[in-house]
Number of protein chains: 2
Amino acid sequence: MPSAPAHRPTAGTEGLRRENTASVLRALRRLGPATRAELAKDTGLAKATVGVIVSALEAAGAVAEQGSRPGARGRPGRPVALRGERFLGLGLELNVDYVAAVVLDLAGRVHVRETRPASSVDDLLDLARSVWDGCSGPDRALVGATVALPALVRADNRTVAWAPNLEAHGDDIAARVSQVVPAGDVRVTNDANCAAYAEAHHGAARGVRHALYLTGTVGIGAGILQDGELVRGGAGFAGEVGHMPVGDSAAVCGCGRRGCWEASVGLKAMLAAVGMPELDTPLVTAEAVADRAASDGGVRAGLERVGHDLGLGIAMLSSVLDPTVIVLGGYFAPLGELVLEPARRTLDERLASQVQVRPALRPSTLGIEAAALGAAEQCFDPVFSGSTDLTA
Amino acid sequence: MPSAPAHRPTAGTEGLRRENTASVLRALRRLGPATRAELAKDTGLAKATVGVIVSALEAAGAVAEQGSRPGARGRPGRPVALRGERFLGLGLELNVDYVAAVVLDLAGRVHVRETRPASSVDDLLDLARSVWDGCSGPDRALVGATVALPALVRADNRTVAWAPNLEAHGDDIAARVSQVVPAGDVRVTNDANCAAYAEAHHGAARGVRHALYLTGTVGIGAGILQDGELVRGGAGFAGEVGHMPVGDSAAVCGCGRRGCWEASVGLKAMLAAVGMPELDTPLVTAEAVADRAASDGGVRAGLERVGHDLGLGIAMLSSVLDPTVIVLGGYFAPLGELVLEPARRTLDERLASQVQVRPALRPSTLGIEAAALGAAEQCFDPVFSGSTDLTA
DNA sequence: ACTATTAAGTACGAGACTCGAATTAAAGTC
DNA sequence: GACTTTAATTCGAGTCTCGTACTTAATAGT
C-alpha cells in the first residue's frame with residue numbers, strides 16, 4: 001500500500017481538543033460571525049463543548065464577541081467573530097521584476113499589500129521588514145511567513161531545485177526571512193500554487209474545491225487544487241505545464257525544444273501574434289494590447305489564435321484533472337474575454353464527452369499580489385487544520 | 001476559501017478511539033506482524049493504549065497473536081497479525097468483454113480471483129453470487145463491495161454519467177449487488193482508478209504515494225494517485241486522458257474528432273501500426289504482437305512509433321502531475337519494454353527541465369484482475385481511515 | 001403590566017479515552 | 001541462581017466531550 005508516514009494529528013485528548021478548536025475556527029471562517037449555538041449546529045459539537053472552546057479562543061485573542069443581534073424570538077445569541085488584531089500571516093513573493101508582500105489576518109482581511117519593482121532577495125527582505133514594522137505591535141503574533149517563488153520548490157517547502165531567471169539560491173531564503181521577521185515557521189513554495197490558493201480562498205474560485213489556476217508571463221505555470229488541497233506531486237513539481245507539447249508544434253521555445261505550450265501562449269508568443277512590443281512588465285504590456293484590440297482587428301485575430309491554443313491546453317488539463325473552475329492569471333487577466341472567449345470555443349470542441357461539463361473559465365481579479373496573498377493564506381494552514389493551537 | 005463540508009471524523013472520545021484503532025491497523029498492514037511494543041513505537045501511542053486497542057481488535061477477530069519470536073534479549077514480544085478469516089472485501093469489475101471478481105481479506109491476501117468472458121450485469125451478479133458462496137461462512141463479514149466500471153462515474157460513487165460500449169445504466173448496479181451479497185456499503189467507481197489503487201497497494205507502485213496508472217485497451221484511461229489518495233476531480237471524471245490532443249494530430253478517433261491520444265496509442269492504432277489483426281481480447285492480441293515482434297522488425301518499428309506517442313502523453317501527464325512511478329496496464333503490459341523503452345526516450349527528450357527526475361515507467365504485473373483487486377482494496381478504505389469501527 | 005414561550009448559554013456529573021509510572025512476566029546472560 | 005533486559009499489564013490521574021438540567025434574556029400574547 002502507499003506507505004503513509006505514521007502521521008499523528010490527534011492521539012491524545014488534547015489533540016482532540018486541537019482538532020475541535022480548528023473545526024470551530026473553520027466554521028467561523030466559513031460562516032462569518034456566528035453564535036455558539038450556530039457553531040454547535042455547524043460543527044456537530046455539543047453546545048457545552050463549543051462554549052468551552054470559544055472561551056479559550058477568546059482568552060487567546062483569536063475571537064471576540066460582537067453586539068447581539070435582536071429581532072428573533074427567544075434569547076438572542078451573542079455572535080462571535082474571528083479577531084483580526086492578534087494573529088497575522090505574512091506572504092512574500094520574489095519574482096523576476098517585482099517583490100510583493102501581503103499581511104493577512106486570521107479573519108481573512110488584508111492589512112497591507114505592497115509591491116515594489118525589484119528582484120533581489122535583499123529587496124524582498126527590505127520589503128518584509130518594512131511591511132512588518134508597519135503591522136507589528138505588542139499584541140500581535142505572526143503565525144508564519146511563506147515565500148512564493150517562480151521556481152521548482154521541493155516537497156520539503158524549503159529548498160529550491162530550479163529557478164530560471166532568478167538569482168536566488170533559495171535554500172537559505174527561509175532562514176534569512178526568519179532573521180528579519182519573528183515568524184516561527186517560514187516556508188518556501190511555488191508562486192503558481194500560492195496564487196491558486198489565493199483564488200480559492202479570496203478570488204474567482206472562492207469556495208470551489210476543485211480548481212485550476214493558470215498564470216501567463218514569459219512562461220506558463222499552473223496551480224492545482226484537488227478537494228481544497230494543493231496537488232504537489234512526488235517531488236513537489238506538479239503544475240509545470242509550460243513545456244507540455246501543445247499548440248503549434250513548430251514553435252521554438254526558450255528551453256530549446258519545439259512545440260512547448262508556452263511557445264504558443266507565453267507572453268512573447270502573444271506579442272508576436274499581435275505584432276506589438278514588450279513594455280515594462282507583462283501586466284502593462286497586456287493592458288496595452290487589450291487597449292489596442294478595441295480598435296485593431298489584426299490584434300483581435302492574433303489574440304484569437306492565442307486563445308485557441310490556450311483552449312487546447314486547457315482541454316488537456318481539464319481531461320486530466322476535471323476542475324470545476326479555471327482561473328486565468330498573469331497577463332491573461334487584463335486580456336480577459338479577448339482570449340477566454342476563443343479558449344471556450346476550443347474547449348467545447350475538444351471536450352472529451354457530451355456529459356463532461358465545461359469548467360468555468362474566469363479571469364483573475366486579485367491582481368499582482370495574488371501569489372503573495374495565497375502565501376499569506378497558507379500561513380494559517382496549520383491553524384485551520386488543527387496542527388497548531390492558538391490557545392496554547 | 002474552499003468551503004469544506006463540516007466533516008466530523010472525530011469529535012468525541014470514541015471517535016478518537018476509532019482513529020487510534022485505525023492507526024494501529026494501518027501499522028499492522030504496513031509492518032506485518034508486530035508486537036504491541038513495536039506498534040506503540042510506530043504509532044506514537046502509549047503502550048497501555050496499544051494494549052487496550054489490540055485486545056478489542058482481537059475480540060472482534062480482526063487480529064490474532066502469533067507464536068512468539070525468541071532469540072533476542074529480554075522478554076520476547078508476542079507478535080500480533082491481521083487475521084484474514086473474518087473481514088473480507090469484494091471487488092467486482094464489469095468490462096466490455098469480461099467480468100471479474102476478487103475477494104480480499106483484511107491482511108491483504110487474495111482469497112478468490114475469477115474472471116469470466118461475459119459482459120452483462122446479470123453475468124456480474126452471477127459471478128458475485130458464486131464467488132461469495134465460496135467464501136462466506138458463519139464467522140465471515142463482508143465490509144463492503146465495490147464495482148469497477150469502464151465509465152464516467154460521478155463523485156457520489158454510485159451513479160454513472162457515461163458508459164460507452166456498456167449497456168449498464170449503472171445507477172442501480174449498486175442496489176442489485178447489495179441484493180446478491182450481504183455488503184453493507186456498495187460503491188461504484190471507475191476501473192482505471194481501481195487499477196491505480198491496486199497497483200499502489202499490491203502491484204508495481206506498492207508503497208508509492210504519487211503514482212499514475214495508464215490502461216490501454218480500445219480507449220486509454222488513467223488513474224491518478226496524489227499522496228496516496230485518488231484524484232477524482234470536481235465531478236468525479238478526472239483521468240479521462242484518452243481524448244487529449246496528443247500524438248498524430250491527423251489520426252481520426254472513434255469519438256469523431258482528430259488528434260486524440262487514443263487515436264495514436266489505443267489498441268486499434270497499435271494494430272494498424274504493426275499491421276496485425278485484432279484477436280479475442282486486447283491482452284491476447286497484445287501477446288501475439290509481442291511474440292511476433294521477436295522476429296519481425298516491422299512490428300518492432302510500429303511499436304516504436306506507438307511507444308513514442310505514448311511517451312509524448314506521458315511527458316504531458318508528468319509535467320502536470322509529477323508522479324514518482326507510472327504503471328502501464330491493459331494491452332501495454334504484455335508489450336512491456338517494446339513500448340516502454342521508446343516511451344522513456346521520448347520522455348527524456350521532452351521532460352521540462354534537467355532537474356525534474358524522470359518518473360519510473362513500469363509494466364503492470366497484476367493481470368486482468370487489477371481493477372477488481374483495487375475495487376476490493378477500496379472496501380477497506382473506511383476501516384483503515386477510521387470511519388468504520390470493526391470492534392463495534 | 002404580566003405571563004407564557006422560545007431560544008442561548010452555562011453548570012455539572014457521567015462516561016470514555018489516553019498517558020505515565022509502577023508492577024508483573026518471561027526470556028537470556030553472567 | 002542472581003541479574004539484566006525487554007514486553008505487557010495494571011492502576012490512578014488527567015483531559016476531554018456529552019447530555020441534562022438550569023439560568024438568562026429576549027419576544028408574543030393577553
Side-chain angles (χ1 to χ4, degrees), chain A residues 6 8-24 27 31 33-59 63-81 386 389 391-392, chain B residues 6 8-24 27 31 33-59 63-81 386 389 391-392:
Chain A
R8 328 238 59 272
T10 319
T13 54
E14 57 273 13
L16 181 54
R17 163 62 66 94
R18 274 213 314 273
E19 190 92 7
N20 287 336
T21 303
S23 179
V24 168
L31 305 175
T35 67
R36 291 161 179 78
E38 290 164 349
L39 290 172
K41 173 161 286 185
D42 186 82
T43 59
L45 297 169
K47 280 196 300 177
T49 307
V50 173
V52 176
I53 289 175
V54 166
S55 301
L57 287 172
E58 201 170 5
V63 306
E65 280 193 350
Q66 294 187 320
S68 69
R69 293 175 302 199
R73 293 169 63 98
R75 172 178 172 177
R78 315 200 347 112
V80 175
D389 186 5
T391 67
Chain B
R8 328 238 59 272
T10 317
T13 53
E14 55 273 15
L16 181 54
R17 162 62 68 95
R18 274 214 313 274
E19 189 92 7
N20 287 336
T21 303
S23 178
V24 168
L31 305 174
T35 67
R36 292 160 179 80
E38 289 163 351
L39 290 172
K41 173 161 286 183
D42 185 82
T43 59
L45 298 169
K47 280 195 301 176
T49 308
V50 173
V52 176
I53 289 175
V54 167
S55 300
L57 287 173
E58 202 169 3
V63 306
E65 280 193 351
Q66 293 189 318
S68 68
R69 293 177 301 201
R73 292 168 64 98
R75 172 178 172 176
R78 307 182 14 100
V80 174
D389 186 5
T391 68

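So that the names make sense, note that chain A is the first sequence line, chain B the second, and so on, each numbered from 1.
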**Request:** For Arg17(B) and dG15(C), give me the distance from atom CZ to atom P, rounded to whole Å.
**Result:** 17 Å

**Asked** How many Å lie between CZ on Arg18(A) and P on dT17(D), as a whole number?
**Response** 12 Å

**Request:** Check the distance between dA8(D)'s C1' and Leu39(B)'s CG and give it to me in whole angstrom.
**Result:** 12 Å

**Complete:** Here the distance between atom P of dC16(D) and atom CG of Leu45(A), to the nearest Å, is 14 Å

**Polar side-chain atom of Asn20(A) near backbone of Ala11(B) as donor-acceptor pair, under 3.5 Å** = yes

**Request:** For the pair Leu39(A) and Lys47(A), evaluate side-chain contact (heavy atoms from CB on, under 4.5 Å) and give the outcome as yes or no after the intermediate values.
**Result:** CA-CA 8 Å; Leu39(A) 290 172; Lys47(A) 280 196 300 177; over 6 Å; no

What donor-acceptor contacts under 3.5 angstrom involve side-chain atoms of residues 71-78 of chain B, with partners at least two apart or in another chain?
residue  : atom : partner  : partner atom : Å
Arg78(B) : NE   : Glu65(B) : OE1          : 3.2
Arg78(B) : NH2  : Glu65(B) : OE1          : 2.2

**Asked** Whole-Å distance between dC17(C) C1' and Ile53(B) CD1?
**Response** 10 Å

**Asked** Which nucleotide in the set dT27(D), dC11(D), dA26(C) lies at the smallest distance from any side-chain heavy atom of Ala48(B)?
**Response** dC11(D)

**Prompt:** Expressed in angstrom and rounded to an integer, what is the separation of Arg69(B) atom CZ from dA8(D) atom C1'?
**Reply:** 15 Å

**Prompt:** Phosphate oxygens OP1/OP2 of dC16(D): is one of them under 4.0 Å from a side-chain N or O of Thr13(B)?
**Reply:** no

**Request:** Pick base, sugar-phosphate or nothing for Ala37(A), based on heavy-atom distances below 4.0 Å to the nucleic acid.
**Result:** sugar-phosphate

**Message:** Nearest heavy atom decides the nucleotide; on that basis, is Ala46(A) or Glu65(B) closer to the 5' end of DNA chain D?
**Reply:** Glu65(B)

**Message:** On DNA chain C, does the nearest nucleotide to Glu38(A) precede the nearest nucleotide to Gly74(A) from the 5' side, or the other way round? Give the residue.
**Reply:** Gly74(A)

**Side chain of Glu14(B) - closest among dA16(C), dG9(C), dC19(C)** = dA16(C)

**Prompt:** Taking CG from Asp389(A) and C1' from dC16(D), how many angstroms apart are they, rounded to a whole number?
**Reply:** 13 Å

**Asked** Is there a donor and acceptor pair closer than 3.5 Å between the side chain of Arg75(B) and the base of dA7(D)?
**Response** yes

**Message:** With side-chain contact (heavy atoms from CB on, under 4.5 Å) as the criterion, how do Thr21(A) and Leu57(A) come out once you've worked through the C-alpha distance, each side chain's angles and the decisive distance to 0.1 Å?
**Reply:** CA-CA 8 Å; Thr21(A) 303; Leu57(A) 287 172; 3.7 Å; yes

**Complete:** Ranking dT18(C), dT9(D), dC18(D) by distance to the side chain of Asn20(B), first place goes to dT18(C)

**Item:** Nearest-nucleotide comparison on DNA chain D, the residue closer to the 5′ end among Val52(B) and Val52(A)
**Value:** Val52(B)

**Fill in**
Taking dA26(C), dA8(D), dC18(D) as options, the one with an atom nearest any side-chain atom of Pro76(B) is dA26(C)

**Asked** From the list dA8(D), dG9(C), dT6(C), which nucleotide is the closest neighbour of the side chain of Arg73(A)?
**Response** dT6(C)

**Message:** Measure CD/Glu19(A) against P/dT18(C) and give the value in whole Å, please.
**Reply:** 15 Å

**Request:** Would you tell me if any nitrogen or oxygen in the side chain of Thr35(B) comes within less than 4.0 Å of OP1 or OP2 on dA8(D)?
**Result:** yes

**Separation of Glu19(A) CD from Leu16(B) CG (nearest 0.5 Å)** = 9.5 Å

